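Input: a single structure, listed below in structure tokens.
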Amino acid sequence: MPLRHTVDFLLYDWLKVQHLQSRARFADHSRDTFDAVLDTCERIARDKFAPFNRLVDIEEPRVEGDQVILPQATHEAYKAYAASGMLSAAQDYGVGGMQLPYTVEAAANAFFAMASVSIGSGLLTSGNANLLMAHGTDMQKKVFALNEFSGRFAGTMCLSEPQAGSSLSDITTRATPDGAGFESDPLGPRYRLKGHKMWISSGEHELSENIIHLVLAKIPDDNGQLVPGVKGISLFIVPKKLVNTDGQLTGERNDVALAGLNHKCGWRGTTNTLLNFGEGKYPVRGDSGRGLDGAGSGAVGYLVGQPGEGLQCMFHMMNEARIGVGLAATMLGFAGYYASLDYAKHRPQGRVLGAGGKDAQAPQVRIIEHADIKRMLLAQKAYCEGALALGLYCARMVDEQHTGNAEDADASRLLLEVLTPIVKSFPSEWCLEANSLAIQIHGGYGYTRDFPVEQYWRDNRLNMIHEGTHGIQAMDLLGRKVLMENGRGLQLLGQRMLATADQAQIEWPDESHALKQAVQQIHQATQAAWDGAHPAQALANAVPYLQAFGHTVVAWIWLDVVSTPGALDTAVAAGRSAACRYFFRYELPKIQAWLNVVNNRDQTCADLPEDAF
Ligand SMILES: Cc1cc2nc3c(=O)[nH]c(=O)nc-3n(C[C@H](O)[C@H](O)[C@H](O)COP(=O)(O)OP(=O)(O)OC[C@H]3O[C@@H](n4cnc5c(N)ncnc54)[C@H](O)[C@@H]3O)c2cc1C
């Protein structure tokens with residue numbers, strides 16, 4: 001079934017996003033306006049992104065002189081995306097936005113992720129600008145955010161450093177006040193930054209007039225020491241080229257230098273950079289260029305929010321960023337699913353099992369007729385459609401949090417706290433597995449660059465690493481999210497799952513029962529993991545816990561989806577029902593093994609001394 005049908009079914013029949021029209025913020029919207037956005041994005045993705053996905057993989061970004069060169073197709077795609085208005089889709093009409101529900105925005109962006117995740121659709125730019133709209137001054141919004149929404153400027157997120165990835169409290173980029181009047185700069189308190197930022201996506205390119213880096217750095221105390229821990233981290237706007245209060249370029253290049261490009265396994269259409277801030281390569285505004293410490297040298301940056309609140313500002317955008325990563329992983333899974341489905345329908349190989357199968361004179365069958373191929377196709381469908389439904393459900397919670405009544409908004413906030421590690425990690429792991437199955441269906445051909453599936457796998461492999469690695473998501477879930485507010489989030493999620501199980505009891509009795517059992521197992525394992533345990537013991541098996549939790553959540557989502565009354569034609573309904581059954585029969589039983597080690601607080605891995613490896 002085409003992706004659009006699945007998206008429409010989930011949005012309108014299952015999540016009923018058209019009902020959001022009753023909220024004041026979305027009063028001008030209707031299914032027609034939502035459809036128009038989806039149509040536009042589908043068209044741009046089909047015309048400007050999909051045909052160039054392989055090209056941008058082969059023609060990696062390269063440095064020429066001071067510039068990073070990207071294929072012309074990337075420039076065209078960037079322009080078309082900016083012109084669509086999607087960079088500011090969720091923003092107020094007053095600043096040129098569409099006041100689009102986040103659920104529809106997320107669904108529309110999914111088309112780009114499937115067409116070419118590697119070209120990228122500007123999620124970093126809109127995330128950067130959305131953050132400034134939430135935490136910046138009016139001037140910062142006008143000068144930086146609005147120019148990002150129009151596509152004139154592009155944005156980055158500069159958190160990681162070579163020595164500090166998962167552990168951001170250990171960053172060492174320094175920000176010192178820029179002279180006596182530093183606090184009175186109309187663009188915000190002005191600092192000079194020095195340090196190295198690693199892995200910065202879209203850190204250098206010629207797609208836009210300017211690049212607005214959002215940089216985490218530490219302001220030294222009176223003794224010149226960096227404050228340890230996350231409390232010392234502040235957030236700064238560091239433009240590549242300096243601008244005045246009208247947002248016009250002043251002609252001064254800021255001291256942000258490209259130290260090199262990273263050559264990646266996948267996602268090669270997007271530049272990934274090591275950036276040096278304030279090393280003196282581009283001396284700016286009185287900097288002698290000798291890189292001396294103190295006022296007058298370093299990259300010029302403007303403080304966002306209060307000193308010490310940098311990470312909080314960044315994490316304000318975390319839910320949406322992680323839903324975005326989860327949906328990107330999901331769409332790569334879909335891309336492989338559709339490619340392998342098509343291949344399986346056309347590749348003749350082997351004969352049916354049984355009496356007639358030994359007759360070498362008989363024509364070969366297409367591989368889609370083999371049970372094992374059907375298994376691999378159904379697994380992909382179950383992972384990807386389940387993950388898409390979960391992503392859109394979480395997006396719907398974001399809308400509820402922002403526009404629902406106080407009680408619903410709070411419930412959505414809590415649910416999102418618990419579901420965010422899952423919406424990011426489940427697709428990252430299992431839609432990657434889907435890509436592996438897509439390669440398997442292609443046999444040897446899947447392992448070559450003549451077919452697209454190996455690229456999908458390479459592109460998808462990133463998702464378990466960035467935006468918080470798998471291990472970090474797992475510790476966030478078991479170490480924080482299921483415990484916070486006395487476990488209220490976990491309780492609430494459990495209630496929602498049981499309500500679905502009750503509702504499905506007549507038509508799906510086995511699945512309903514299995515879901516109830518799984519919910520109970522998760523509750524028990526959460527208690528067993530922590531029952532008098534030291535955090536190191538409890539968290540030693542955080543990843544198996546995350547995996548069991550994720551499978552339980554997606555089982556719930558599947559059961560909820562198939563319980564939707566909807567006008568479906570029979571083949572589509574049969575496929576959806578089969579994917580649900582597959583998930584309950586082949587996948588959900590795995591949670592027992594994952595939870596065994598959690599329940600027993602198994603320390604086989606944790607206790608092994610290094611020299612035994
Ligand atoms: C292609 C790409 C694009 C990226 N884009 C950006 C970007 O735009 N901006 C940005 O700021 N960053 C970006 N990143 C950086 C990314 O967020 C980091 O790679 C990630 O946070 C992990 O940090 P690290 O690579 O230093 O690995 P490490 O933190 O060194 O982790 C290595 C391994 O150790 C595990 N580990 C670490 N700490 C613990 C612990 N306490 N307990 C258990 N296990 C642990 C991790 O789970 C991981 O498996 C990007 C990375 C890549 C590869």
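As a basis for the values below, the full set of heavy atoms in this structure was taken, side chains included, without hydrogen atoms, waters or symmetry mates. Just so you know, these numbers come straight off a predicted model, no measurement behind them. One-based numbering, in listed order, for ligands and for the atoms of each.
Inside a 4.0 Å radius of atom 46 (C) of ligand 1 there is at least one protein heavy atom. Closer than 4.0 Å to atom 49 (O) of ligand 1 lies none of the heavy atoms of the protein. When distances from atom 34 (O) of ligand 1 to the protein are checked, no heavy atom turns up under 4.0 Å. At a distance under 4.0 Å, a protein heavy atom can be found next to atom 15 (C) of ligand 1.
In terms of polar-atom proximity, S166 is counted as a contact of ligand 1, with an N or O under 3.5 Å from an N or O of the ligand. No N or O atom of K264 sits closer than 3.5 Å to an N or O atom of ligand 1. Any N or O atom pair closer than 3.5 Å counts here, and A164 shares no such pair with ligand 1.
Under a 3.5 Å cut-off, the side chain of T273 and the backbone N or O of L275 do not form any donor-acceptor pair. For S118 (side chain) and R268 (main-chain N/O), a donor-acceptor pair under 3.5 Å exists by modelled atom type. Remark: the backbone N or O of L216 is paired with a side-chain donor or acceptor of K197 at under 3.5 angstrom. With hydrogens and angles ignored, the 3.5 Å screen pairs no side-chain donor or acceptor of Q401 with any backbone N or O of V398. Between the side chain of K48 and the backbone N or O of K79, no donor-acceptor pair lies under 3.5 Å. Of the possible polar contacts, one joining the Q603 side chain to the Q537 backbone as a donor-acceptor pair under 3.5 Å is found.
Nearest non-hydrogen protein atom to atom 12 (N) of ligand 1 is S160 OG, 2.7 Å. Looking at atom 22 (C) of ligand 1, its nearest protein heavy atom turns out to be T469 CG2, 3.8 Å. Given atom 20 (C) of ligand 1, the protein heavy atom at minimum distance is I465 O, 3.6 Å. W199 O, 3.3 Å is the protein heavy atom nearest to atom 13 (C) of ligand 1. Scanning all protein heavy atoms for the shortest distance to atom 8 (O) of ligand 1 gives S201 N, 3.0 Å. Counting only heavy atoms of the protein, atom 9 (N) of ligand 1 lies nearest to M157 O, 2.7 Å. In this structure, atom 41 (N) of ligand 1 lies nearest to the protein heavy atom M475 CE, 3.8 Å. With respect to atom 26 (O) of ligand 1, the closest heavy atom belonging to the protein is G165 CA, 3.3 Å.
Here is the list of ligand 1 atoms found below 4.0 Å of a heavy atom in N272: 1 (C), 2 (C), 3 (C), 4 (C), 5 (N).
No more than 12 heavy atoms of other residues, nucleotides or ligands sit less than 6.0 Å from atom CD of Q527.
Note that CG of N276 and CG of D255 are 9.0 Å apart. Values are rounded to the nearest 0.5 Å. For the atom pair Q72 CD and E59 CD, the distance stands at 11.0 Å (nearest 0.5 Å). The distance from the CD1 atom of I44 to the OG atom of S84 is 4.5 Å, given to the nearest 0.5 Å.
Residue contacts with ligand 1 for H470 are absent, since no atom lies close enough (heavy atoms, distance under 4.0 Å). At a 4.0 Å heavy-atom cut-off, ligand 1 does not touch K197 at all. Within the 4.0 Å heavy-atom criterion, both parts of L159, backbone and side chain, lie near ligand 1. At a 4.0 Å heavy-atom cut-off, ligand 1 does not touch T156 at all.
Donor-acceptor pairing under 3.5 Å is recorded for the side chains of S116 and N53.
Relative to the ring axis of Y282, R253 places its NZ or CZ within 45° and under 6.0 Å from the centre.
Taking the six-membered ring for Trp and the full ring otherwise, the centers of F236 and Y302 sit at least 6.0 Å from each other.
Remark: among candidates V543, I200, N463, L462, the nearest residue to atom 53 (C) of ligand 1 is L462, based on non-hydrogen atoms.
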